[in-house]
Protein chains: 2
Amino acid sequence: MAEKVTIATVARHARVSRQTVSNVLNSPHIVRQETRQRVEDAINALGYRANQAARQMRTGRSRLIAARIDPTRDGINGSVLDRFLHGLTETADAAGYRVLLYTATDDDREIATYGDLLGTYELDAFVLVGTKHGDPRTEWLADRDVPFVTFGRPWDALDAHPWVDVDGAAGTAQATRRLLDAGHRRIAFIGWPVGSGVGDDRRAGWRDALRAAGVDPTGLHRETEDGIAEGERLMHDLLDTVAPSAVVCASDSLALGALQAIRGVDPPVSVIGFDDTPVAAAVGLTSVSQPLGEAAARCVDLLTGVLDGDHETPTPVLLQPSLALRHTA
Amino acid sequence: MAEKVTIATVARHARVSRQTVSNVLNSPHIVRQETRQRVEDAINALGYRANQAARQMRTGRSRLIAARIDPTRDGINGSVLDRFLHGLTETADAAGYRVLLYTATDDDREIATYGDLLGTYELDAFVLVGTKHGDPRTEWLADRDVPFVTFGRPWDALDAHPWVDVDGAAGTAQATRRLLDAGHRRIAFIGWPVGSGVGDDRRAGWRDALRAAGVDPTGLHRETEDGIAEGERLMHDLLDTVAPSAVVCASDSLALGALQAIRGVDPPVSVIGFDDTPVAAAVGLTSVSQPLGEAAARCVDLLTGVLDGDHETPTPVLLQPSLALRHTA
DNA sequence: AGGCAGGATTGGATCGTTCAAGTTTCTGGA
DNA sequence: TCCAGAAACTTGAACGATCCAATCCTGCCT
């Protein structure tokens with residue numbers, strides 16, 4: 001069993017002092033080329049890796065980012081968080097950070113966990129997925145100057161913090177325009193109850209696209225909690241009342257329900273979902289696709305901007321979704 | 001901004017030495033009750049939290065567990081990893097550990113990542129999800145005496161290491177017996193190509209249950225890669241050739257495909273899937289349910305057993321799945 | 001009352017790194 | 001040739017916890 005390789009081992013091997021090795025790692029430019037090469041060779045030869053705990057003690061930086069993982073609460077959309085976390089891990093890694101998971105059952109507990117993670121592990125930053133009106137979490141973090149980014153824009157104008165989001169309205173608008181271009185006029189919308197920022201945003205995109213095309217959206221939309229059964233129920237309702245020729249949905253779950261409701265209806269009703277989940281791909285549902293990997297990458301960009309340098313407030317990022325075309329529209 | 005609270009702050013506040021505070025934290029039984037109380041009060045009053053980096057430097061233990069997160073490769077089954085990770089995070093937390101994520105695109109890179117994580121962060125243990133024949137990862141870890149657990153049993157008898165798994169054969173057997181009890185005799189099976197440990201296991205459960213009931217399984221099974229389209233294709237094939245009255249599938253994706261294939265067939269063909277994914281719940285598919293939270297908890301149990309104490313080799317855990325009954329069977 | 005055993009408490013050393021301040025070496029211009 | 005100033009490198013101290021060995025109590029027994 002080889003003894004532990006520390007910075008001192010490397011220093012001895014390269015015939016320089018500890019500090020010079022440290023400089024090669026942290027401020028390479030102040031070390032002479034020749035010396036730097038010698039140190040780097042020693043590092044490689046010995047397989048040296050800087051001990052993060054010791055580094056952290058001195059610098060107060062853990063190079064750790066926290067993200068929450070939830071039980072899959074929303075049946076179909078569960079994979080969204082999954083894909084986002086994967087992207088986050090990958091990009092953070094490239095930037096020299098690691099992702100630490102935590103869970104919490106409610107906001108109070110989540111905030112208590114923040115304190116624990118910050119105190120015990122000295123986390124560098126948090127990534128919050130999803131935001132809501134009057135979010136106590138962002139307030140708590142901002143009050144303590146803890147760096148964080150949210151995937152999801154702040155719905156209350158007051159608190160400004162770095163965020164990344166996907167333009168849901170643009171997504172539903174794009175979906176709606178595609179249907180308009182295909183000749184549809186009675187294009188319905190199935191979404192979530194008024195008051196959820198995300199839901200209102202997606203509905204607005206549909207509404208505005210219709211209006212821009214000179215179609216009156218009045219009476220063409222329905223609201224419900226998310227779920228396949230709910231989507232099916234509302235689609236039946238729409239068929240019975242306004243008989244749309246196409247429908248845009250706020251989620252793939254709702255769209256899947258709608259698909260079940262229109263089975264056998266002739267002429268076929270076009271359906272477009274939201275999130276481009278694996279299920280949508282599997283059943284051939286056209287769906288608005290969020291660039292989750294890109295979103296995760298931009299979150300990391302914003303964080304490293306705050307952590308590693310520029311003190312200027314980072315610019316929020318609003319990404320454009322695309323339409324994954326399949327055979328339902 | 002309050003100054004940092006260290007063990008010295010607590011000691012001063014409680015009028016004891018640093019060591020006594022440390023003892024209260026690590027070996028409470030050797031401190032007099034009265035003193036202990038005073039120290040604990042001070043800890044609470046000051047909101048003290050032991051600095052993990054400093055502790056780690058001295059003890060060499062990071063209280064960090066690594067787990068891999070994959071991009072959702074398998075459409076529907078993606079949420080399995082999701083749910084497992086959530087359970088892992090929750091249980092690890094309760095045991096005083098945190099979960100660190102990493103990604104890797106292939107085995108070599110994954111092993112390189114092990115080295116990095118161990119060298120830099122001094123990870124305490126790894127949790128590997130999924131195992132395969134001749135897995136180089138388990139070998140690497142075992143060679144270096146790195147503690148790890150796999151969720152998925154080792155398919156090669158040779159290398160013994162702590163593992164937790166769900167008895168897939170028992171799951172498909174249970175599903176098969178339920179269909180037998182309902183009067184079915186021609187019960188087909190749609191699964192994965194021979195050679196994958198998991199797939200073979202699930203098929204064996206179906207086969208043995210049929211044989212035990214005196215039914216010959218010959219010709220009643222089909223194999224393919226996972227996917228809805230594949231499931232649909234094979235179900236059509238089965239209908240055309242052996243005309244089963246029920247089918248057990250190795251995954252919910254395959255089952256969903258089968259469901260599409262039997263639409264309109266009369267009398268209705270019963271279908272049972274595997275994994276009890278949210279999609280199964282949504283479409284009313286009866287499915288074999290893996291106790292993922294329990295599996296994660298047992299993984300943590302095994303690890304803490306190795307890390308915090310008993311040197312005896314921990315006993316592998318084989319959990320029993322249950323049947324989530326819905327209206328397809 | 002004295003001595004002793006044993007538990008409770010104390011100060012000092014240590015983990016591996018970076019920071020701050022010091023010392024040596026190099027470079028170029030008069 | 002000499003020296004100022006910059007560049008390159010070295011040394012000592014510190015981060016906050018635990019471990020170790022020495023010391024201080026305390027109660028108990030003779």
Side-chain angles (χ1 to χ4, degrees), chain A residues 2-40 42-43 46-64 96 116 118-124 308, chain B residues 2-40 42-43 46-64 96 116 118-124 308:
Chain A
E3 69 187 280
K4 203 176 287 182
V5 178
T6 77
I7 210 169
T9 321
V10 176
R12 218 176 307 127
H13 198 268
R15 302 173 181 282
V16 293
S17 67
R18 298 177 322 243
Q19 183 60 35
T20 299
V21 177
S22 175
N23 285 337
V24 168
L25 294 172
N26 303 301
S27 321
H29 59 281
I30 69 167
V31 179
R32 188 158 34 121
Q33 160 65 28
E34 176 199 326
T35 314
R36 189 166 61 213
Q37 190 59 55
R38 196 152 36 105
V39 171
E40 282 168 352
I43 288 177
L46 297 166
Y48 165 78
R49 292 170 204 272
N51 180 304
Q52 175 54 31
R55 171 175 283 178
Q56 177 179 343
M57 239 206 328
R58 198 61 209 154
T59 63
R61 303 270 308 272
S62 62
R63 304 203 74 84
L64 245 35
D116 187 31
L118 288 169
T120 312
Y121 287 90
E122 296 182 286
L123 271 139
D124 286 346
D308 299 333
Chain B
E3 68 186 282
K4 204 174 288 182
V5 178
T6 76
I7 208 171
T9 321
V10 175
R12 219 177 306 126
H13 198 269
R15 302 169 182 283
V16 293
S17 67
R18 291 167 320 191
Q19 179 62 28
T20 301
V21 177
S22 176
N23 285 337
V24 169
L25 295 171
N26 303 300
S27 322
H29 59 280
I30 69 167
V31 180
R32 188 164 26 130
Q33 159 65 27
E34 178 198 325
T35 314
R36 188 166 63 213
Q37 189 59 53
R38 198 151 36 107
V39 171
E40 282 168 352
I43 287 177
L46 296 167
Y48 165 78
R49 290 168 206 271
N51 180 305
Q52 175 54 32
R55 171 176 285 177
Q56 178 179 345
M57 262 237 277
R58 207 48 216 151
T59 63
R61 303 272 305 272
S62 63
R63 306 204 73 83
L64 245 36
D116 186 32
L118 288 169
T120 312
Y121 288 89
E122 297 183 283
L123 271 138
D124 286 346
D308 299 334

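All values below were derived from every heavy atom in this structure, side-chain atoms included, with hydrogens, water molecules and symmetry-related copies excluded.
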| request: Can you tell me which residue pairs pass the salt bridge (Lys or Arg N to Asp or Glu O under 4.0 Å) test with a partner in residues 14-33 of chain A, sequence neighbours excluded? | output: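 Applying salt bridge (Lys or Arg N to Asp or Glu O under 4.0 Å) to every pair that reaches into residues 14-33 of chain A, excluding sequence neighbours, yields A:Arg32-A:Glu34.
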Given atom [atom1] of [X] and atom [atom2] of [N], what is their separation to the nearest angstrom?
{"X": "B:His29", "N": "C:dA8", "atom1": "NE2", "atom2": "C1'", "value": "13 Å"}
{"X": "B:Arg38", "N": "C:dA8", "atom1": "CZ", "atom2": "C1'", "value": "12 Å"}
{"X": "B:Gln33", "N": "C:dT9", "atom1": "CD", "atom2": "P", "value": "12 Å"}
{"X": "A:Leu46", "N": "C:dG16", "atom1": "CG", "atom2": "C1'", "value": "15 Å"}
{"X": "B:Arg12", "N": "C:dG11", "atom1": "CZ", "atom2": "P", "value": "13 Å"}
{"X": "B:Lys4", "N": "D:dA14", "atom1": "NZ", "atom2": "C1'", "value": "12 Å"}

| query | Mapping B:Met57 and B:Arg15 onto DNA chain C by nearest heavy atom, which one lands closer to the 5' end? | reply |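 The residue whose closest nucleotide sits nearer the 5' end is B:Arg15.
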| said: Donor-acceptor pair, distance only, cut-off 3.5 Å: does the side chain of A:Arg49 make one with the backbone of B:Thr120? | reply: no
| task | Mark yes or no for whether A:Gln56, through its side chain, and A:Tyr121, through its backbone, hold a donor-acceptor pair below 3.5 Å. | result | yes
| If you look at every heavy atom in B:Asp124 and B:Gly60, which pair is closest and at what distance? |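 Result for this residue pair: OD1-O, 4.5 Å.
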| task | Only counting residues at least two apart or in another chain, list the ones meeting salt bridge (charged side-chain N to carboxylate O under 4.0 Å, His left out) with B:Arg12. | result | none
| said: Is it true that B:Arg36 and B:Gln33 share a donor-acceptor pair across their side chains at a distance under 3.5 Å? | reply: yes
| query | Between C:dG11 and B:Ser17, is there an OP1 or OP2 to side-chain N/O distance shorter than 4.0 Å? | reply |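 Indeed not, no polar side-chain atom of B:Ser17 lies that close.
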| said: Strictly under 4.0 angstrom, non-hydrogen atoms only: write out the protein contact profile of nucleotides 17-27 of chain C, one letter per nucleotide from the 5' end, B, S or -. | reply: BBBB-------
